[in-house]
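The structure appears right after this line, and notes come after that.
Read the numbers this way: they start at 1 and go in the same order the structure lists the ligands and their atoms. Values below: all heavy atoms of this structure, side chains included; hydrogens, waters and symmetry mates excluded.
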Amino acid sequence: MQTETEILQAAAGMLLAWYPAHRRDLPWRQNRNFYTVLVSELMLQQTRVEAVKERYVAFLEKFPTEEELALASEDEVMKAWEGLGYYTRARNLQKAAKTLFAEGTPRTWVGVKRLAGVGDYTAGAISSIALGLKEPAVDGNVLRILTRLLADGSVVDDPAVKKRFTEMLREVYPDETADFCEGLMELGATVCLPNGAPLCDRCPWNTLCRAHLSGEEARYPVRAQKRARRVENLEVFVLTCNGKYALRKRADGLLKGLWEFPNRTPPPCPPPTEGASDRDLAEGASDEDSSCFTEEASDRGLAEGSAGFRILAAKRAKHVFTHVEWQMIGCLAEVAEEDPRFVWVTAEEIRREYAVPSAFKAFSQWVH
Ligand code: ADE
């Protein structure tokens with residue numbers, strides 16, 4: 001019987017033979033320049049390849065080198081990042097660009113890891129892809145393919161398990177560090193798919209994979225129980241006056257530094273009447289629901305002081321973050337005066353200059 005190291009060694013060779021003919025042609029694979037690899041790896045943290053593809057190209061057109069990014073304003077960076085979510089990454093990327101600009105490119109894993117926004121996985125990926133270092137990058141995808149390969153029932157959420165797999169990979173890391181690192185990612189993304197749906201007939205490891213050989217692919221990876229998300233209710237106001245819309249900047253916490261429609265935690269409000277439509281909410285066809293937006297309108301803090309508050313539309317929307325879920329009810333309302341607590345800007349200005357997070361997308365549709 002083969003040892004785990006022997007299996008991994010054989011798997012590494014098979015992966016390197018498979019990868020060149022099966023790699024997707026992704027824009028960040030056109031060169032292995034440190035700065036561009038850094039940009040792609042930060043963008044790809046928690047974000048799907050499809051969503052990153054076009055944004056990556058546009059971002060690099062705007063900030064082609066660390067110098068342009070280092071010297072940009074925060075608002076410019078946020079605007080270029082708009083819609084990608086997890087905006088702390090954008091701030092970190094700019095910080096990292098400033099470090100590169102001031103100090104030059106790091107040459108070791110430790111140097112890479114010191115850059116803002118770079119954790120163990122990203123440091124491994126950048127080191128392998130841009131620096132040719134034998135430093136594994138192990139995330140949930142890599143753990144999935146390796147636990148299947150070895151039919152390993154360890155709980156993959158345990159940091160000790162990640163560490164063990166990192167060390168096992170390090171032992172067999174080939175000289176073709178970039179192809180090996182990308183090959184592992186590629187296998188996880190295109191063949192060894194999550195949720196018990198791997199495409200084993202296309203897999204270069206199908207003669208080697210212990211889970212496949214015993215028909216137990218679906219048993220791996222073993223995961224710990226997930227914690228439930230916290231639900232937060234939010235009332236969102238798209239206020240319009242003289243062809244402009246009210247925005248304000250989020251001062252801290254989640255989505256800090258981005259622009260939002262005025263909103264607040266709603267006061268206690270009766271649950272929606274069954275069967276009430278969004279239109280009912282706006283027009284008061286259902287008395288209970290409409291009280292959320294109409295009867296109290298003059299006294300709702302955000303709309304307070306907005307003479308002539310008149311609701312044009314209303315709807316509910318939901319946005320799911322990693323640890324929080326926003327359940328929103330929003331209205332489009334005309335007001336007679338521009339409340340000075342907000343900035344008032346046209347739809348065109350919002351589109352060009354103001355980064356409004358996708359959490360508010362359902363309500364941005366009213367802005368045109
Ligand atoms: N996910 C994280 N880094 C990646 C990369 N370089 N290519 C594809 N998917 C990725």
Exercise. What residue among F261, W259, F342, W344 forms ring pair (Phe, Tyr, Trp, His ring centres under 6.0 Å) with Y354?
Worked result: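 Running ring pair (Phe, Tyr, Trp, His ring centres under 6.0 Å) over F261, W259, F342, W344 with Y354 returns exactly one hit, W259.
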
Discussion item. Check this for me: does any side-chain nitrogen of one of K162 and D139 sit under 4.0 Å from a carboxylate oxygen of the other?
Written reply: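 No.
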
Compare M43, M185, R23 and give the one whose heavy atom is closest to atom 4 (C) of ligand 1.
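Nearest heavy atom to atom 4 (C) of ligand 1 lies in M185.
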
Practice item. Closest by any non-hydrogen atom to atom 1 (N) of ligand 1: pick that one out of T190, L44, L26, T122. Key: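 Nearest heavy atom to atom 1 (N) of ligand 1 lies in L44.
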
| request: Verify whether one side chain among S214 and R219 offers a donor that lies under 3.5 Å from an acceptor in the other. | output: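 The criterion, which ignores hydrogens and geometry beyond distance, is not satisfied for R219 and S214.
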
Nearest protein heavy atom to atom 7 (N) of ligand 1, by residue and atom, and its distance?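 For atom 7 (N) of ligand 1, the nearest protein heavy atom comes out as W28 NE1, 3.2 Å.
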
ask   = Quick one: nearest non-hydrogen protein atom to atom 9 (N) of ligand 1, plus distance?
value =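 Result for atom 9 (N) of ligand 1: V49 CG2, 3.8 Å.
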
- prompt: Can you find an N/O atom of E186 closer than 3.5 Å to an N/O atom of ligand 1?
  reply: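 E186 vs ligand 1: no N/O contact under 3.5 Å.
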
query = Applying a 4.0 Å heavy-atom criterion (strictly less than), which segment of E41 is in contact with ligand 1: side chain, backbone, both, or neither?
reply =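 The part of E41 near ligand 1 is the side chain, not the backbone.
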
Those atoms of ligand 1 less than 4.0 Å from some heavy atom in R29: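 In order of number, 7 (N), 8 (C).
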
More than 12 foreign heavy atoms under 6.0 Å from CG of N31: is that the case here?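 Atom CG in N31 is packed in, count exceeds 12.
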
How about R24: does its CZ atom have over 12 heavy atoms from other parts shown lying under 6.0 Å from it?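 Counting neighbours around CZ of R24, more than 12 heavy atoms of other residues, nucleotides or ligands fall under 6.0 Å, so yes.
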
**Study point:** Within the 6.0 Å centroid threshold, strictly below: H323 and F321
**Key:**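 No, too far apart.
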
